[in-house]
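To start, the structure under review is shown below, and the notes come after it.
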2 protein chains.
Amino acid sequence: MQPIKQRDSMPLLRRGELAARVGCNLETIRYYEGIGLLPHPPRSQGRHRLYDADLAKRLRFILRGRELGFSIEEIRALLAIADGGGGCADVYALTTQHVEVIRRKIADLRKLQRILTETAARCARDASPECPIIEALQASSADGPLGAASFAVVPNARELGKAVATRP
Amino acid sequence: MQPIKQRDSMPLLRRGELAARVGCNLETIRYYEGIGLLPHPPRSQGRHRLYDADLAKRLRFILRGRELGFSIEEIRALLAIADGGGGCADVYALTTQHVEVIRRKIADLRKLQRILTETAARCARDASPECPIIEALQASSADGPLGAASFAVVPNARELGKAVATRP
DNA sequence: GCTACAATCTGTAGAGACTACAGGATCAAG
DNA sequence: CTTGATCCTGTAGTCTCTACAGATTGTAGC
């Protein structure tokens, strides 16, 4: 972590600017600060939050982590690893443990990808009455329970490209 | 849609039986009815819901769609298409778009996996290994011309194989 | 038919992760 | 110095389920 004074690359963003830049909702930033994923940023004289490039990166990591299906707590753990908090034993345990979680996620996503791709390939894309995609969905879990225990490993995944800052 | 009277293949299930059969939570069925994904089913004299094979199929469709990462609203759209027998060009578009999102997720997860694995390995030797995972998820596709324009699809994906009916 | 015990019914509350709004303070352009 | 956009804080609402409470039904056994 460096002193907060910047070059001219990024002149300290305020909350709304940061939200626009990373593509999240304005309030999400405050929310992440509130639950401790983002540190309290420095403030202007009038108590407006000011974000530097490091905080922006951290925020992007969190947002993408959510999209990838990690829960808030999992992201908290990943950030702890990145922050180099605990000793080497802790880091080792955490990393290997997360590698396993990620391995399962990848396996599940691949399965989804395969199913969706194969199904789409059979689709005529015209106005034909029967659609293989619809049928595949109805086929229940013919291809097995689809990983049954992992996919996202988490409910409530963040929708990609959702909710950018409010604009009435 | 056929008349509700059945042969002996499926003797009209009640909510709990249906939940057990399709592998979802008891209350989820009522929830989907509440938000209009499932129609109000016929009832017994005592107002117990009774589900036939068609409704079971529809429920499986919804659950499967959620597992595959479609949002509730997307599923609503897919169901409308299925109900209306309309063309499947839209379905195809939605699906391929989906596949692309999944492809990017897999790529990012692989990055994460690689870095975490390397960190764990270095942990055996170094005292304080660095773990640059935050950097790994920076570019991930968002930093295009207008930031978050290239994203797509899903909120709150249903975790695969989650929540079977409640059993204390 | 009557008695139990399970399963459903309704409505409402809770979890997790945001998202929106109200009423006031601050910033920055003119 | 004014003014409209932005930000502040706190609190309430949304979405997708899931759980619970108290009242009714369904049904198996006597």
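In what follows, chains are A, B, ... by sequence order, proteins preceding strands, each numbered from 1. Heavy-atom basis, side chains included; hydrogens, waters and symmetry copies ignored. The model shown is predicted, which means the values in this text are computed figures rather than measured ones.
The distance between atom CG of A/Asn25 and atom P of C/dC18, rounded to the nearest whole Å, is 10 Å. With rounding to whole Å, A/Leu13 atom CG is found 14 Å from D/dT6 atom P. Rounded to an integer number of Å, the gap from B/Ile35 CD1 to D/dT16 C1' is 8 Å. For the pair A/Glu74 CD and C/dG16 P, the computed distance is 13 Å after rounding to whole Å. Summarising the geometry, the separation between OH on B/Tyr31 and P on C/dA15 is reported as 18 Å, rounded to the nearest angstrom. Atom CD1 of B/Ile72 is separated from atom P of D/dT14 by 17 Å (rounded to the nearest Å). Atom CD of B/Glu67 and atom P of D/dC17 are 11 Å apart (whole Å). Rounded to an integer number of Å, the gap from NE2 of B/His40 to P of C/dT10 is 10 Å.
The 5' end of DNA chain C is approached more closely, in terms of each residue's nearest nucleotide, by B/Arg43 than by the other of A/Ile62 and B/Arg43.
In terms of phosphate contacts, A/Thr28 brings a side-chain nitrogen or oxygen within less than 4.0 Å of OP1 or OP2 of C/dT19.
Under the 4.5 Å side-chain contact rule for hydrophobic residues, B/Leu18 and B/Leu55 share a cluster. At a threshold of 4.5 Å between side-chain heavy atoms, the hydrophobic network of Ile, Leu, Val, Met, Phe, Trp and Tyr places B/Ile81 and B/Leu59 in one connected group.
Residues A/Lys57 and B/Gln138 approach most closely at O-NE2, 2.9 Å, considering heavy atoms.
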Between the protein and nucleotides 1-5 of chain C, which nitrogen or oxygen pairs are less than 3.5 angstrom apart?
none

What protein N or O atoms touch nucleotides 26-30 of chain C N or O atoms at under 3.5 angstrom, if any, and at what distances?
residue : atom : partner : partner atom : Å
C/dC27  : OP1  : A/Ser44 : OG           : 3.2
C/dC27  : OP1  : A/Gly46 : N            : 2.6

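The base of C/dG11 lies close enough to the side chain of B/Arg30 for a donor and an acceptor atom to sit less than 3.5 Å apart.
Proximity of a side-chain donor or acceptor of B/Thr28 to a complementary backbone N or O of B/Cys24 within less than 3.5 Å is not detected.
At a cut-off of 3.5 Å, with distance as the only test, no side-chain donor of A/His98 or A/Glu74 sits close to an acceptor on the other residue.
Every residue meeting the salt bridge (charged side-chain N to carboxylate O under 4.0 Å, His left out) condition with B/Arg30, not counting sequence neighbours, appears here in chain and number order: B/Glu27.
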